[in-house]
Amino acid sequence: MPTQTNQPHQTKHTNSQKRYWRSIALDLACVPAAFVCTYALSSYFNFSEHYYVWARQYEDNLDIDELLPALLASLVSLLWFAKRRINESKILIKKNHALLHRVLEVQEDERKRIARDLHDDLGQYLSAIKAQAASLLVDANSSAEAQLTAKSITSSANHAYQATHNLICALRPVALDDLGLSAALENFIDTWRQINSVTIQTETISQVNYQLHIHGDIDRYHETVNITVFRIVQEALTNIAKHAHAKTVLIDIESKANYLTIAITDDGVGFDMSKKNSGYGLLGIAERVEALTGNMEINSHTDATLANTGTKINIQIKV
Ligand SMILES: Nc1ncnc2c1ncn2[C@@H]1O[C@H](COP(=O)(O)OP(=O)(O)OP(=O)(O)O)[C@@H](O)[C@H]1O
Ligand SMILES: [Mg+2]
């Protein structure tokens, strides 16, 4: 349960690229700091005087005045060395992204396989159980007790069949393969509305107002992008259902020339992200975004006295 704080809490999830540039800025800030410290210490201890006295004793044997160009050459070598290390780090980051990409691909393949096995094996057996129970029901020779048991078996098999079907849908969004990203998302949000709705007399009322806005053509992307967007929306909505107690949820997806943006906003209770949590959902979203070298930012307001509480996840993916 998220805690309430007196101040509105804002948190930003930066990706590793931002962290990388921040560390470079910090390193660069160390250079003037080192300069000022060295200058102050040298002045205090009169370093140049001592150096001059020391250098004079070698003047006849060594060209000590040539030390400066040699030092300059060392500096250039050091810069060249640093440049090579930076290039190597860039290559490592690229390899890391590729690896993350591969891990997620393998995970999706595995989910596909499990969904297929569940459908082909368990689905078939459950159908067989239902058929056998049905034959017992229509058998005139079966006793009343057997008929009652057959009814109960049919009901349990139906229940197990529905549970398996839901599991298969969560493991592998079939609509994504068949209909494309926009239709799969609409389909998913519709299901979500149904789950969160109550039927009063004959009228079905959704307890949460889900709004999906799609701008531009989002059906032109590679399977990896499709599954990434789908899984992000899936986890964000699961989190909202589990933690937010929201009334309105807005899902905005916009396709631009080179990137795709996803904004998921809820007006729920919000949460304090400075507190450690043991969940994997947000971490999973961050990893998926990272694998596509995207950016993710989370803003969450937890102050109950503010009208504007809730959570907003902004994601930008290069496509
Ligand atoms: N929309 C939201 N509204 C309020 N709190 C949220 C929201 N999204 C995430 N949280 C908070 O952030 C925490 C971390 O979320 P995360 O999805 O990583 O883990 P989880 O949902 O607790 O567990 P898991 O996803 O592994 O089943 C949650 O425990 C919850 O406190
Ligand atoms: Mg979660």
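Nothing fancy with the numbering, it's 1 onward along the sequence. Values below: all heavy atoms of this structure, side chains included; hydrogens, waters and symmetry mates excluded. Because the structure is a prediction, the values reported are computed rather than measured. In each ligand, atom 1 is the first atom listed, and ligand 1 is the first ligand listed.
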**Q.** Salt bridge Arg231-Glu287, side-chain N to carboxylate O under 4.0 Å
**A.** no

Q) Can you check whether Arg172 reaches Asp177 side chain to side chain, under 4.5 Å on heavy atoms? A) yes

(Q) Show the atoms of ligand 1 that are less than 4.0 angstrom away from any heavy atom in Thr311. (A) 1 (N), 2 (C), 3 (N)

Q.
Taking only non-hydrogen atoms of Gly270, do any sit less than 4.0 angstrom from ligand 1?
A. yes

Q.
Measuring from non-hydrogen atoms of Val269 to any atom of ligand 1, is the shortest distance under 4.0 Å?
A. no

Q) For the Mg ion (ligand 2), does an N/O/S atom of Thr238 lie at less than 2.8 Å? A) no

Q | Option with minimal heavy-atom separation from atom 23 (O) of ligand 1, where the choices are Lys275, Lys242, Met273, Lys312 | A | Lys242

Q: Have a look at Ile285, Asn239, Ile240, Thr265 and point out the one with the heavy atom closest to atom 8 (N) of ligand 1.
A: Asn239

Q. Where's the contact between Asn277 and ligand 1, heavy-atom distance under 4.0 Å: side chain, backbone, both or neither?
A. side chain

Q) Taking heavy atoms and a distance under 4.0 Å, where does Thr238 meet ligand 1: side chain, backbone, both or neither? A) neither

Q | Heteroatom proximity flag, Leu282 to ligand 1, N/O under 3.5 Å | A | yes

Q) Around atom NZ of Lys112, are there more than 12 heavy atoms of other residues, nucleotides or ligands at under 6.0 Å? A) yes

Q.
Is there a side-chain hydrogen bond (donor to acceptor under 3.5 Å, both in side chains) between Asp219 and Ser182? Walk through the geometry before answering.
A. CA-CA 6 Å; Asp219 290 324; Ser182 54; 2.7 Å; yes

Q | Any donor-acceptor N or O pair under 3.5 Å, side chains Gln162, Asn166 | A | yes

Q: Give, rounded to 10 degrees, the angle between OE2 (Glu235) and OD1 (Asn239) as seen from the Mg ion (ligand 2).
A: 90°

Q. Salt bridge (charged side-chain N to carboxylate O under 4.0 Å, His left out) between Asp117 and Arg113: does it pass, once the steps are laid out?
A. CA-CA 6 Å; Asp117 285 356; Arg113 192 190 61 76; 2.9 Å; yes

Q | Closest contact, heavy atoms only, Leu104 versus Ala291 | A | CD1-CB, 3.8 Å

